[in-house]
Amino acid sequence: MNYRYRRRQRDASLFLSSFVHRQQRAMAPRRYSPSSPAAVQSDTAVGAAPPARHYGEPHKFDPSFRGPVRRRSCTDILCCLIFIIVIFSYMALGIVAWLHGDPRKVLHPTDSYGQFCGQKGTSNEKKPILFYFNILKCANPAILINLQCPTTQMCLSKCPDRFATYTEMQLQHKLSKSYWDYYRQFCKPGFNNPDKPVSQVLRDEDCPSMIVPSRPFLQRCLPDFITLNGTVTVANRTSFKDALQMAHSVTELQHAAKGITGLVDTRELGMKIVEDYAKSWPWILIGLLVSLAVSLLFILLLRFTAGTLLWATIITVILLLAYGMWYCSVVLSQLRHTAGSEVAIVEVGLHTDLHVYLQLTQTWIILLVSLGLAEASILLMLIFLRRRVRVAIALLREASKAIGYIMSTLFFPVVTFLLVTICISYWAVTAVYLASSGQAIYKVMSPDVSCPYDNSTCNPETFNRSNISQSALCQASQCLFAFYGGETSYHRHLFLLQLYNLLIFLWLLNFSLALEQCTLAGTFASYYWARRKPQDIPACPLFSSFSRAIRYHTGSLAFGALILSVAQLVRIILEYLENKLKGIDNSLSRFIMHCLKCCFWCLEKVIRYMNRNAYIMVAIYGKNFCSSAREAFFLLMRNVVRVAVLDRVTDFLLFLGKVLIAGGVGVAAFFFFTRKIPVIQEEEPDLNYYWVPLLTVVMGAYLIAHGFFSVYAMCVDTLFLCFCDDLERHDGSSERPFLMSPELHRILGKSSQSR
């Protein structure tokens, strides 16, 4: 009994002293260091509630935290409601545009009476080509395409194929009616008076004063220029006369249709490119499938041999660059003794035959310098940032494990691709319908610049009886179709509606990308914060993250997307203004424009980077956009040195992987399309330009690799932010263990200590 009594007395005294000690500690002023893990552990041990956390302070230890918060509430509700309203208004805009617009006004040329050429059910059904009575009045090919040429325009079934003037026709008509039967098809419908005086015919523009051999281009009859012995001719002629016996040269036709010969060459080039695609599309498809298989194989190898594969990628790229530099130097030494190799690229101009540029020393000098700079950059990075390279490889290895456990994330970009395709299609169709809205508007067009009524609105039915046609300065003027428009409020604000269409398109496009980033971030965060991997990874993490983003954070994603879209819209407007101000020789305006473009380019990059990290915090903690952006910003600032280098190094390693895949597939495609593989030479298609399928395969391979590696980049960014948060929440003790992998803690922990 005495023993039990003494034992109870001792326990009571120990409990009392412990209680008094706790009360003294609770009442005494505490010196709290928010960055001290020991302080956080001490407070948690005694059960004291942690002090209120301010922005910029690290997260406190929370034993109940298990990754992405599951009990959430809707964030940025006001922005979500505005976003939904805007989507419905965008649908309404599309409906209104579809009711008022007519894409045939954009797709088909229109004559001087506002009628479509080739329109079914009309008198022009079998007349799909537009003909200009006097093409010499058209001083610019852009005028032809925009239907603003101050001459009568008429729909025809075919273009003229011979030289003829109205005066010659009248003389030959007396011998045979066949001359008039041919010429009258280029006159106004219903005109059948070949004996009408030439002056009156030209005044009323009943018939063209002359016709020249032409061929259809963009559904318009344009002169058929042919180069003969280095001289540009039309039907082997270099000069001709019109109905008034005025001499004209082919040079005048060239001036009237400036750039048409280049456009014709472009058309022929386009036809050859289409022909090459028709011959090589099965092989292009095979090349893209090979790129898909190589990208998947690369990712699978990263899962098991990330370090070895990435170091092999770096070394391979270095060796390839070194080989490229050696090859360029060899070719340069050979070209030094070749005549004509010193010609500048600017003097050669544009050529579809790439071998022309390969005969110039300047081409190989540019390639040598470019490869040398790339080689030097990689070597300097490996010398001075080798520790960061090891850290980046560790992150990529951890990302490979995460993607290996959740393979469905690799195919989520397909959903984003479908959403982006829908957005682009809707925007393009709506823009076309908006551009084609309105009724036919007719303008006074006069070759005499002194006509006071030039470019004013007119009525073609009453124009000949109006004061304008009787004016001495406007006798040669005509009332011709100009464009489609109107005087209603809808038509007056078409430009603003196009801007609205563009802004909402950018908003929806950025929202689709934000949805992908937030979904992937929530998925990979659930992997990181799982204490036992893969046992504690929740079922269907990708679908769960996607549903959380849609259900709770549509407003936050829309808010961030809107900020980015406004910055992009301002950049587009600046590009438009710069294009309009090109003809103005003002150094100050150009300087201001370049400064604004540079500032908004930087602003867009900063917003895009901050949005990406804000979406990660939204996916983890479920807070609104502004709070998440502040959390991400301060978290990154507390790890600014690590972020400044590690982020760029990781992106660079992923870029090398994409270049290696695209380059490897491109080299194989080059040897195939240039017939340098003896085994399958008989199967290789006969092409006009081998670079057409080659570039298609290389660009397609890069885009496919980019689609897979974008998931890796999002995974790395998410794991890095989770790692920084993990260091602040835990101290590695048994009560508060780190949730990062031992390898990641070993490398990143040493990196943080050596900062």
Side-chain angles (χ1 to χ4, degrees), residues 109-115 117 122-124 126-138 143-144 147-216 219-224 234-235 237 239-248 250 252-253 256-257 442 444-448 460-461 463-465 469 474-481:
T110 311
D111 63 12
S112 297
Y113 307 100
Q115 299 176 346
C117 295
T122 64
S123 58
N124 292 332
K126 297 182 180 180
K127 300 177 180 179
I129 307 172
L130 190 68
F131 173 72
Y132 298 90
F133 270 32
N134 189 358
I135 198 173
L136 294 176
K137 293 183 179 180
C138 307
I143 291 178
L144 302 179
L147 304 177
Q148 296 291 332
C149 189
T151 186
T152 301
Q153 303 155 26
M154 190 177 64
C155 297
L156 298 176
S157 58
K158 63 178 182 179
C159 297
D161 57 4
R162 67 189 70 169
F163 267 113
T165 65
Y166 191 81
T167 304
E168 293 175 354
M169 182 278 304
Q170 284 185 323
L171 295 175
Q172 295 173 347
H173 170 64
K174 298 177 181 180
L175 302 176
S176 175
K177 293 183 178 180
S178 61
Y179 293 99
W180 168 243
D181 292 337
Y182 177 79
Y183 203 94
R184 66 179 295 187
Q185 62 182 327
F186 306 110
C187 299
K188 288 182 178 179
F191 180 75
N192 191 15
N193 185 9
D195 297 325
K196 186 176 180 178
V198 176
S199 59
Q200 296 181 13
V201 170
L202 298 182
R203 181 196 62 191
D204 300 333
E205 290 214 11
D206 295 321
C207 291
S209 63
M210 63 177 179
I211 56 176
V212 297
S214 306
R215 59 176 172 175
Q219 290 185 275
R220 291 159 177 84
C221 288
L222 298 178
D224 188 9
V234 176
R237 291 193 185 185
S239 62
F240 51 91
K241 295 182 179 180
D242 60 12
L244 300 178
Q245 298 301 313
M246 295 183 61
H248 298 280
V250 174
E252 294 181 63
L253 281 179
Y442 297 86
V444 177
M445 296 187 182
S446 174
D448 190 354
E461 297 180 358
F463 180 74
N464 292 332
R465 301 188 300 270
S469 60
C474 303
Q475 289 183 353
S477 62
Q478 299 180 78
C479 183
L480 301 179
F481 168 79

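This one's a predicted model, so the numbers in the text were calculated from it and none came from an experiment.
- With rounding to the nearest 0.5 angstrom, the CD1 atom of Ile129 is 11.5 Å from the CZ atom of Arg220.
- Taking the ring-ring contact (aromatic ring centres under 6.0 Å, His included) definition, one finds that Tyr182 meets it with Phe186, sequence neighbours left out.
- Atom CD1 of Ile211 is separated from atom OG1 of Thr165 by 9.0 Å, given to the nearest 0.5 angstrom.
- For the side chain to side chain contact (heavy atoms under 4.5 Å, CB included) test, residues two or more places apart in sequence or in another chain that qualify with Lys188 are Tyr113, Phe133, Thr152, Asp206.
- Across every non-hydrogen atom of Pro216 and Cys159, the tightest pair is N-SG, 3.7 Å.
- Looking at Phe163 and Pro213, their side chains come closer than 4.5 Å, going by heavy atoms from C-beta outward.
- For Tyr179, there are no ring-ring contact (aromatic ring centres under 6.0 Å, His included) partners at least two apart in sequence or on another chain.
- The line from OG1 of Thr167 to CD of Gln172 is 11.0 Å long, rounded to the nearest 0.5 Å.
- In this structure, Cys221 SG and Met154 CE are separated by 9.5 Å, a value rounded to the nearest 0.5 Å.
- Using a 4.5 Å cut-off on side-chain heavy atoms (C-beta onward), Lys177 and Trp180 make no contact.
- Residue pairs that meet the disulfide bond (SG atoms under 2.5 Å apart) test with at least one member in residues 160-203, sequence neighbours left out, are Cys187-Cys207.
- Considering Pro194, Ser178, Pro208, Pro160 in turn, Pro208 is the only one that fulfils the side-chain contact (heavy atoms from CB on, under 4.5 Å) rule with Tyr183.
- Of all heavy-atom pairs spanning Gln185 and Lys158, the tightest one is OE1-CE, 4.0 Å.
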